[in-house]
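Working notes for the structure below.
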Amino acid sequence: ERVRRAHRFVEKARARLDERWQRSFVDHPGRRELYDDWERLRGARPETSERSDVRAAGELARVRREAQALRSLLEITRALNSTRDVEELLRGVLTAAVQLTGAERGVLLERDGEDLAVREARGRSDDLDPGSIEFSRSVAAGVLESGEPLFSTDAEADDRLAPFESVHELSIRSVLAVPLTIQDERVGVIYLDTRLGPKTFEVEHLELAKLLADQAGLALDRSRLLARIEAQREDVSRLNRELEQTVAEQREQLDSVREELYSSRTSFELRYRFENLIGASPSMQRVYHLIEKLAPKRLPILILSLIHI
């Protein structure tokens with residue numbers, strides 16, 4: 001009966017997936033085993049042994065966890081397509097990582113120059129203060145540098161963690177950390193740990209953390225894109241303001257030049273108008289030129305001319 005219920009539950013979960021994902025969903029080792037058990041039991045008398053019941057119950061619990069993980073990934077994917085709030089997206093990714101893996105604490109870190117800055121911090125029940133949370137930064141830095149995830153179910157006995165003093169100082173028993181990447185560029189780390197006991201994490205949690213890290217990488221990539229767009233928008237606005245100011249200044253200068261030109265032309269016409277003088281001969285033209293030269297002078301001038309009859 002338990003195998004039948006587990007098989008029905010898995011079939012419902014599979015039916016919700018896109019067709020291209022259904023085959024890989026069924027071929028997962030744990031689910032493949034369930035399908036094989038179901039095929040063996042179809043038409044046959046179900047096993048009644050306690051061992052079979054325990055195994056079926058464990059399989060059902062595992063399938064339920066995987067279905068919950070799929071729902072969480074689906075919700076995060078929908079959020080990526082519908083919201084511009086990157087902080088909310090990252091908080092959702094980290095919350096899902098903590099809840100689905102059973103971690104005591106989770107930290108999402110982003111590369112900040114040569115250091116790692118805490119972007120989000122989360123406990124099992126609430127948010128943690130990013131500025132005061134203590135965790136193994138050396139583990140996170142090592143994962144960022146190597147680009148390889150780190151998965152340890154017993155940190156005290158794990159020789160790989162022996163060089164990391166912070167692991168032992170903070171009494172960390174299990175730790176899981178995966179890198180965040182954007183187009184092959186390592187930009188951060190999702191770090192999960194627990195101090196409550198060993199064997200907290202399982203292999204399936206590592207795969208889940210990788211999927212969540214991919215989602216977080218997409219969110220950070222969107223954050224960078226939005227920041228670039230906002231910076232470009234501000235640059236365009238600033239250039240437009242500067243251009244408008246330049247055009248206004250040039251317009252004022254042009255108006256000023258026009259006024260000066262008009263004043264000069266009017267003054268010239270008033271001071272050097274020769275309509276009342278009769279004569280256009282070369283001699284009179286020389287007189288006009290002489291008047292133009294002497295007109296600005298402040299001294300009285302007498303012009304004499306000999307008239308020939």
Side-chain angles (χ1 to χ4, degrees), residues 72-98 105-123 126-149 177-192 209-262:
S72 297
L73 289 171
L74 180 59
E75 291 174 0
I76 293 171
T77 301
R78 287 174 176 171
L80 278 170
N81 295 326
S82 62
T83 182
R84 294 170 61 93
D85 190 342
V86 177
E87 298 301 328
E88 180 182 347
L89 288 172
L90 295 177
R91 191 176 302 112
V93 169
L94 188 59
T95 298
V98 171
R105 306 176 305 170
V107 184
L108 194 151
L109 303 106
E110 184 179 8
R111 184 193 292 273
D112 183 14
E114 298 297 327
D115 299 323
L116 277 171
V118 177
R119 190 75 179 262
E120 294 288 339
R122 176 77 186 179
D126 55 9
D127 293 335
L128 301 176
D129 181 8
S132 62
I133 184 172
E134 294 184 342
F135 62 97
S136 179
R137 285 185 174 272
S138 54
V139 168
V143 168
L144 181 67
E145 181 179 359
S146 67
E148 297 295 330
V178 293
L180 304 180
T181 60
I182 299 177
Q183 299 178 353
D184 297 329
E185 176 190 2
R186 295 190 291 274
V187 297
V189 174
I190 287 182
Y191 170 96
L192 305 167
K210 291 179 180 178
L211 291 175
L212 291 171
D214 291 339
Q215 301 295 323
L218 291 174
L220 287 175
D221 191 26
R222 169 172 289 188
S223 175
R224 292 183 172 188
L225 177 60
L226 292 176
R228 287 196 297 269
I229 292 175
E230 181 63 21
Q232 292 173 356
R233 186 189 67 80
E234 292 179 356
D235 287 342
V236 171
S237 298
R238 176 180 55 80
L239 292 174
N240 283 337
R241 290 193 300 269
E242 293 177 355
L243 180 60
E244 290 174 356
Q245 182 178 357
T246 301
V247 170
E249 292 175 353
Q250 291 178 346
R251 185 180 293 113
E252 291 179 359
Q253 294 174 0
L254 181 59
D255 292 341
S256 176
V257 170
R258 284 175 176 172
E259 291 179 1
E260 292 179 1
L261 180 60
Y262 177 78

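Note: hydrogens, waters and symmetry copies are ignored here, and every other heavy atom, side chains too, is used.
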Verdict with reasoning, Val189 to Leu180, per side chain to side chain contact (heavy atoms under 4.5 Å, CB included) | CA-CA 5 Å; Val189 174; Leu180 304 180; 5.6 Å; no
Which pair of non-hydrogen atoms, one from [X] and one from [Y], has the smallest distance, and what is that distance?
X: Gly147; Y: Pro179; value: O-CG, 3.4 Å
X: Leu90; Y: Ala216; value: CD2-O, 3.9 Å
X: Val178; Y: Ala213; value: CG2-CB, 3.7 Å
X: Pro130; Y: Val118; value: CB-CG1, 3.6 Å

Nearest 0.5 Å, what's the [atom1]-[atom2] distance between [X] and [Y]?
X: Arg251; Y: Arg258; atom1: CZ; atom2: CZ; value: 10.0 Å
X: Asp112; Y: Glu114; atom1: CG; atom2: CD; value: 10.0 Å
X: Ile182; Y: Asp214; atom1: CD1; atom2: CG; value: 11.0 Å
X: Gln250; Y: Leu243; atom1: CD; atom2: CG; value: 8.5 Å
X: Asp126; Y: Thr95; atom1: CG; atom2: OG1; value: 10.0 Å
X: Tyr191; Y: Ile133; atom1: OH; atom2: CD1; value: 8.5 Å

Do Ile190 and Val93 come close enough that some side-chain heavy atom pair is under 4.5 Å?
->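 Side chain of Ile190 against side chain of Val93, heavy atoms only: contact under 4.5 Å found.
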Would you say Glu148 and Val143 make side-chain contact, with heavy atoms under 4.5 Å?
->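 With C-beta onward as the side chain, the pair stays apart.
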Quick one: salt bridge (charged side-chain N to carboxylate O under 4.0 Å, His left out) pairs with a partner in residues 179-190, sequence neighbours left out?
->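 For residues 179-190, and leaving out neighbouring residues, the salt bridge (charged side-chain N to carboxylate O under 4.0 Å, His left out) pairs sorted by first residue read Glu185-Arg224.
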Among pairs that include at least one residue of residues 235-249, which meet salt bridge (charged side-chain N to carboxylate O under 4.0 Å, His left out), considering only residues two or more places apart or in two chains?
->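 Those involving residues 235-249 are Asp235-Arg238, Arg238-Glu242.
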Passes salt bridge (charged side-chain N to carboxylate O under 4.0 Å, His left out), Arg91 versus Glu88? Steps please.
-> CA-CA 5 Å; Arg91 191 176 302 112; Glu88 180 182 347; over 6 Å; no
Please step through side chain to side chain contact (heavy atoms under 4.5 Å, CB included) for the pair Leu109 and Phe135, ending with a clear verdict.
-> CA-CA 11 Å; Leu109 303 106; Phe135 62 97; 3.4 Å; yes
side-chain hydrogen bond (donor to acceptor under 3.5 Å, both in side chains) against Glu120, all qualifying residues, sequence neighbours excluded =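 Checked Glu120 against side-chain hydrogen bond (donor to acceptor under 3.5 Å, both in side chains); zero matches.
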Donor-acceptor pair, [X] side chain versus [Y] backbone, under 3.5 Å?
X: Arg105; Y: Glu134; value: yes
X: Asn240; Y: Val236; value: yes
X: Arg137; Y: Leu116; value: yes
X: Ser256; Y: Glu252; value: no

Count the heavy atoms belonging to other residues, nucleotides or ligands that lie under 6.0 Å from CD of Gln183, then report whether that count exceeds 12.
->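 Counting neighbours around CD of Gln183, 12 or fewer heavy atoms of other residues, nucleotides or ligands fall under 6.0 Å, so no.
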